[in-house]
Amino acid sequence: EPRVTFDNVVFGYDPDRTILHGLSFEVPAGGHVAIVGPSGAGKSTIARLLFRFYDPWQGRVLIDGQDIREVSQESVRAAIGIVPQDSVLFNDTIGYNIAYGHDGATQEQVVAAARGAAILPFVERLPQGFDTEVGERGLKLSGGEKQRVAIARTLVKDPPILLLDEATSALDSRTERDILATLHRVSAHRTSISIAHRLSTIADADTILVMEAGQLAEQGSHADLLRRD
Ligand code: ADP
Ligand code: ADP
């Protein structure tokens with residue numbers, strides 16, 4: 001059973017303009033899928049439907065075979081860890097930033113969980129540790145370091161599905177490759193969906209979905225896509 005299924009999804013933001021025209025695809029558990037395509041193709045719309053900011057006009061979005069309209073919004077959102085392009089960090093410590101959103105857990109507990117969840121490769125590469133203050137009153141993190149903290153904050157919740165929405169697009173491609181390689185090393189078993197417009201982002205993906213004007217233009221491995229050209 002696929003982890004994520006889009007089944008003939010039709011959707012638009014305004015009633016007179018359809019954005020997704022009957023989109024179908026599946027992501028197997030543990031699969032690493034990249035969704036690419038030109039700006040405006042509908043990539044982020046897929047993310048918003050999966051996170052249930054909106055419901056499809058027609059068709060279904062399923063997680064583990066269940067229509068996400070039939071389960072609570074909380075459980076849908078618990079299943080999906082989103083990392084957006086420009087993560088906002090609090091003007092506080094790295095540890096606090098990673099712990100944020102863990103109701104009832106102390107920062108120590110979250111940091112311990114972080115160590116257990118093997119997110120350390122992300123934090124170890126930072127100039128200093130969990131107690132480092134970031135933002136105005138502390139260390140200025142680079143864009144790449146900020147995204148490492150943001151990814152760690154998401155991974156520590158151990159979501160079965162990781163949704164990267166242009167999460168590394170603003171970084172130089174070397175930093176991007178570095179972060180994605182770390183991510184796939186610590187998280188090989190986790191299902192990941194990376195939305196990107198740049199080819200360097202898709203190096204680690206096992207399946208590439210090429211979106212064009214709200215439809216799937218092509219899908220396959222790197223080798224499949226190259227063969228077709
Ligand atoms: P991509 O991520 O591939 O760049 P999007 O999914 O963001 O594309 O957008 C697909 C289309 O939907 C675009 O034409 C965009 O202008 C339109 N769109 C996106 N968000 C909204 C919105 N909130 N309201 C109306 N139209 C939107
Ligand atoms: P809007 O059309 O007003 O931008 P959206 O439905 O796109 O509304 O988004 C609702 C909220 O969810 C906004 O606060 C937006 O920042 C956030 N959001 C939307 N898409 C994403 C995404 N892919 N990743 C993270 N946050 C998102």
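When a ligand or atom number is given, it counts from 1 through the structure's own listing order. Any value given below was found using the heavy atoms of this structure, including those in side chains, with hydrogens, waters and symmetry copies removed.
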**Prompt:** Where does R48 meet ligand 1, judged by heavy-atom distances below 4.0 Å: at the side chain, the backbone, both, or neither?
**Reply:** side chain

**Prompt:** With distance as the sole criterion, is a donor-acceptor pair present between the side chains of T175 and D178 under 3.5 Å?
**Reply:** no

**Prompt:** Do Y13 and R48 get their side chains close enough for a donor-acceptor pair, meaning under 3.5 Å?
**Reply:** yes

**Message:** If only side-chain N and O atoms count, and only distance matters, is there a donor-acceptor pair under 3.5 Å linking D7 with S24?
**Reply:** no

**Prompt:** Which is it for R17 and ligand 1 at heavy atoms under 4.0 Å: side chain, backbone, both or neither?
**Reply:** side chain

**Request:** For atom 6 (O) of ligand 1, state which one of D14, T45, I46 supplies the nearest heavy atom.
**Result:** T45

**Request:** Give the numbers and elements of all ligand 1 atoms closer than 4.0 Å to a heavy atom of S39.
**Result:** 4 (O)

**Request:** Could you list the atoms of ligand 1 found under 4.0 angstrom from a heavy atom of P38?
**Result:** 3 (O)

**Request:** Would you indicate whether the side-chain heavy atoms of H32 and S194 approach each other to under 4.5 Å?
**Result:** no

**Message:** Minimum distance, heavy atoms only, to atom 7 (O) of ligand 1: which one of G214, G40, S44, G42 is it?
**Reply:** S44

**Prompt:** Do the side-chain N and O atoms of Y54 and T45 include a donor-acceptor pair separated by under 3.5 angstrom?
**Reply:** no

